[in-house]
Amino acid sequence: MSNVSQNRAAPRALGHWLLKSEPDEFSIDALAQCEVEPWSGVRNYQARNFMRDDMRAGDRVLFYHSSCAQPSIVGLARVASGAVPDRSQFDPQSEYFDPSSRPELPRWLQIDIAFERKLRQPISLTVLRQYAEPLQGLALLNRGNRLSVMPVSREHFRLILTLEPK
DNA sequence: GCCAACGTTGGC
DNA sequence: GCCAACGTTGGC
């Protein structure tokens, strides 16, 4: 036992994420109105695992508009709570109802996200692609990427924020 | 465990 | 609206 720090809980580094939302479904303006929003309806195992294993209150979030005229990062948010069971999976009236999920072992989880601010100007996917080299490894830029919840490195997060006009 | 079929995502 | 890419399902 030469390393004393082994016995201490290592402080966890702040996490950075990108969340996609279709503005017709839930826009950054809608988030600004709600202030805090339960991020429910995620039905993808990889995205769920990020929420379950890695997303913690306080983590920073890039809010992205997808499936629209100008797919863009449009705002900033924070993770407001860690993962809890997503109730919509048990609601037969919900479009996210999952009849094969058992209450004693919920399959799907949700987190809360809190509005931080809108960007002064959206940072479009087109612009992001112009920085493909420094943004190498950013999942959003991967071909055929469909993840709605994805990690962003701290370096990429900071670089992206520098693309916002003053 | 393989893989074809199918449904969905999402940029264009 | 098109279609590439991907995840899921289910037959075998």
Side-chain angles (χ1 to χ4, degrees), chain A residues 15-34 37-55 59-79 82-113 115-116 118-153 155-157 159-165:
Chain A
H16 298 77
W17 305 94
L18 185 144
L19 297 193
K20 282 184 193 169
S21 186
E22 299 186 17
D24 290 348
E25 298 290 323
F26 190 78
S27 69
I28 187 69
D29 291 322
L31 179 63
Q33 292 293 312
C34 306
E37 175 72 7
W39 208 248
S40 61
V42 174
R43 295 295 180 266
N44 170 283
Y45 288 102
Q46 208 182 340
R48 178 204 65 182
N49 294 348
F50 285 133
M51 293 196 288
R52 182 190 62 194
D53 302 332
D54 300 311
M55 295 180 91
D59 284 0
R60 305 200 69 185
V61 172
L62 298 170
F63 195 92
Y64 177 85
H65 280 172
S66 66
S67 291
C68 55
Q70 276 273 291
S72 309
I73 295 168
V74 292
L76 302 178
R78 296 268 181 176
V79 176
V84 296
D86 177 345
R87 282 212 305 274
S88 67
Q89 71 196 300
F90 303 123
D91 176 7
Q93 307 307 319
S94 169
E95 61 175 314
Y96 302 116
F97 179 56
D98 181 350
S100 59
S101 181
R102 314 293 342 141
E104 60 273 21
L105 189 63
R107 176 174 303 173
W108 304 115
L109 304 173
Q110 67 183 43
I111 52 156
D112 284 341
I113 68 165
F115 177 75
E116 193 169 314
K118 287 177 75 169
L119 297 188
R120 289 180 280 278
Q121 188 176 299
I123 302 169
S124 70
L125 184 59
T126 308
V127 165
L128 291 170
R129 288 200 194 287
Q130 290 166 8
Y131 295 84
E133 197 164 324
L135 291 177
Q136 179 102 41
L138 180 68
L140 183 72
L141 300 184
N142 291 350
R143 225 160 70 104
N145 168 62
R146 290 167 48 180
L147 263 186
S148 62
V149 175
M150 68 191 83
V152 177
S153 74
E155 293 71 24
H156 288 169
F157 194 97
L159 170 59
I160 288 166
L161 287 187
T162 68
L163 303 181
E164 183 185 21

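So you know, we letter chains A, B, ... as the sequences are listed, proteins then strands, and number each from 1. As the structure is a computational prediction, the values presented were derived from the model and not from experiment.
- In this structure, the CH2 atom of Trp108(A) is 13 Å from the P atom of dG7(C), given to the nearest Å.
- Between Arg107(A) and Asp98(A) a salt bridge is recorded (basic side-chain N to carboxylate O distance below 4.0 Å).
- Look at OH on Tyr96(A): it is 13 Å from P on dT8(B), rounded to the nearest Å.
- For Arg48(A) and Asp86(A), the salt-bridge test fails: no basic side-chain N is under 4.0 Å from an acidic carboxylate O.
- Donor-acceptor pairing under 3.5 Å is recorded for the side chains of Ser88(A) and Arg43(A).
- Separating the CD atom of Gln70(A) from the P atom of dG11(B) is a distance of 11 Å, rounded to the nearest angstrom.
- Between the CD atom of Glu22(A) and the P atom of dT9(B) there is a distance of 7 Å, given to the nearest Å.
- Among the nucleotides dG7(C), dC12(B), dG10(B), the one closest to the side chain of Ser67(A) is dG10(B).
- In this structure, CZ of Arg129(A) is placed 13 Å from P of dG10(B), rounded to the nearest angstrom.
- Between Asp112(A) and Trp39(A), the side chains place no donor N or O within less than 3.5 Å of an acceptor N or O (distance only, hydrogens not considered).
- One can place CD of Glu95(A) at 15 Å from C1' of dG7(B), the figure rounded to the nearest angstrom.
- Phosphate contact (OP1/OP2 of dT9(B), side-chain N/O of Tyr64(A), threshold under 4.0 Å): absent.
- Distances from the side chain of Arg143(A) to the nucleotides dC12(B), dG7(C), dA5(C) place dA5(C) closest.
- Between the CG atom of Asn44(A) and the P atom of dT9(B) there is a distance of 10 Å, rounded to whole Å.
- Regarding contacts with the backbone of dG10(B), a side-chain N or O of Lys20(A) is found under 4.0 angstrom from either OP1 or OP2.
- Note: CG (Asp98(A)) to C1' (dT8(B)) measures 16 Å, nearest angstrom.
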